[in-house]
Amino acid sequence: MNKPLTISAADQISPEVATIGLKTVFNILDRWGCSPDTAWHILGMKKSTYYKNKDKAHTPKLSRDQIERISYILNIHAALRVVFDNPTNVYGFMSMQNFNPFFNGSAPLEIIANGNFGALYETFKRIDSLRGGGL
């Protein structure tokens with residue numbers, strides 16, 4: 001079972017791994033249909049920082065919070081790849097209405113769009129449980 005990075009593990013992330021992780025997350029967020037505004041909120045970035053990191057090939061300076069957010073997004077994506085066989089569901093699930101108690105008819109992407117870290121964590125927990133995972 002994959003678990004999100006902890007703060008102590010985030011301290012040990014090399015710049016190369018941070019760069020690869022962020023580029024991967026940018027691709028995932030694009031495939032989920034996130035607008036740039038939604039993406040920078042989810043990642044806990046300022047607009048200018050988001051565009052600087054998205055548009056230029058350089059080593060990003062990421063906070064522990066941002067590294068943890070990246071980890072949760074990567075783990076949500078990994079869980080969706082285990083649960084679903086087809087790309088339409090893997091990438092579309094986050095935009096689909098969900099009537100489970102936590103989501104109450106909202107799409108998971110709507111829940112995490114405001115950038116609230118707790119919402120990202122809770123969304124990860126619920127999606128991870130679909131594959132039989134848990135924290």
Side-chain angles (χ1 to χ4, degrees):
M1 170 178 67
N2 292 331
K3 290 188 178 182
L5 293 173
T6 61
I7 291 175
S8 60
D11 290 334
Q12 301 170 16
I13 299 297
S14 72
E16 295 80 19
V17 170
T19 301
I20 292 167
L22 186 57
K23 287 179 187 266
T24 302
V25 164
F26 284 146
N27 288 331
I28 291 167
L29 293 173
D30 285 344
R31 301 276 308 264
W32 285 354
C34 284
S35 68
D37 183 61
T38 299
W40 75 64
H41 282 100
I42 292 170
L43 292 169
M45 294 181 174
K46 294 179 182 177
K47 180 180 182 178
S48 59
T49 304
Y50 169 84
Y51 281 110
K52 178 181 175 186
N53 286 310
K54 182 142 170 89
D55 297 337
K56 298 185 180 169
H58 73 287
T59 303
K61 293 181 181 173
L62 301 171
S63 68
R64 287 184 211 169
D65 176 74
Q66 291 164 338
I67 291 170
E68 285 190 271
R69 289 169 185 269
I70 289 167
S71 176
Y72 280 117
I73 294 164
L74 292 171
N75 280 281
I76 287 170
H77 178 68
L80 292 171
R81 288 178 52 104
V82 168
V83 173
F84 299 114
D85 291 333
N86 66 60
T88 300
N89 287 340
V90 170
Y91 294 104
F93 180 87
M94 292 297 288
S95 296
M96 295 176 187
Q97 267 189 310
N98 189 316
F99 292 96
N100 289 312
F102 175 74
F103 299 107
N104 297 319
S106 296
L109 195 54
E110 291 175 290
I111 300 292
I112 65 172
N114 68 1
N116 180 287
F117 187 84
L120 181 61
Y121 168 76
E122 291 297 328
T123 299
F124 160 72
K125 242 175 50 172
R126 267 85 180 169
I127 292 172
D128 192 49
S129 72
L130 296 174
R131 70 173 174 158
L135 294 176

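Just the heavy atoms: all of them, side chains too, but no hydrogens, waters or symmetry mates, feed the values below. For reference, positions follow the sequence shown, starting with 1.
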Whether the side chain of N100 engages the backbone of F102 through a donor-acceptor N/O pair (distance < 3.5 Å, no angle test) should be reported. no

Roughly how far, to the nearest 0.5 Å, is [atom2] of [Y] from [atom1] of [X]?
X	Y	atom1	atom2	value
N98	I127	CG	CD1	8.0 Å
F26	K23	CZ	NZ	8.5 Å
I111	E122	CD1	CD	10.5 Å
L29	R31	CG	CZ	12.0 Å
R69	H41	CZ	NE2	10.0 Å

Single-linkage hydrophobic cluster [X]~[Y], side-chain heavy atoms < 4.5 angstrom:
X	Y	result
I67	W40	yes
I28	L43	yes
F103	L109	no
V25	I20	no
M96	Y91	no

Would a 4.5 Å heavy-atom cut-off, applied to side chains only, mark [X] and [Y] as touching?
X	Y	result
I112	Y72	no
H77	V90	yes
V83	N89	no
N75	D128	no
I76	M94	yes
N53	M45	yes
T38	W32	no
E68	F117	yes

Can you list the steps and then say if K54 with D30 is a side chain to side chain contact (heavy atoms under 4.5 Å, CB included)? CA-CA 11 Å; K54 182 142 170 89; D30 285 344; 2.9 Å; yes

For F84 and F93, take the angle between the two ring planes, folded into 0 to 90°, and tell me which bin it lands in: parallel under 30, tilted 30 to 60, perpendicular over 60. tilted

Is there a donor-acceptor contact under 3.5 Å linking the side chains of N116 and N114? no

Test applied, side-chain contact (heavy atoms from CB on, under 4.5 Å); reference residue, I70; option that passes from I42, T24, L62: L62

Minimum heavy-atom distance E110-A107, with the two atoms named: OE1-N, 2.6 Å

Greater than 12 external heavy atoms within 6.0 Å of N104's CG: yes

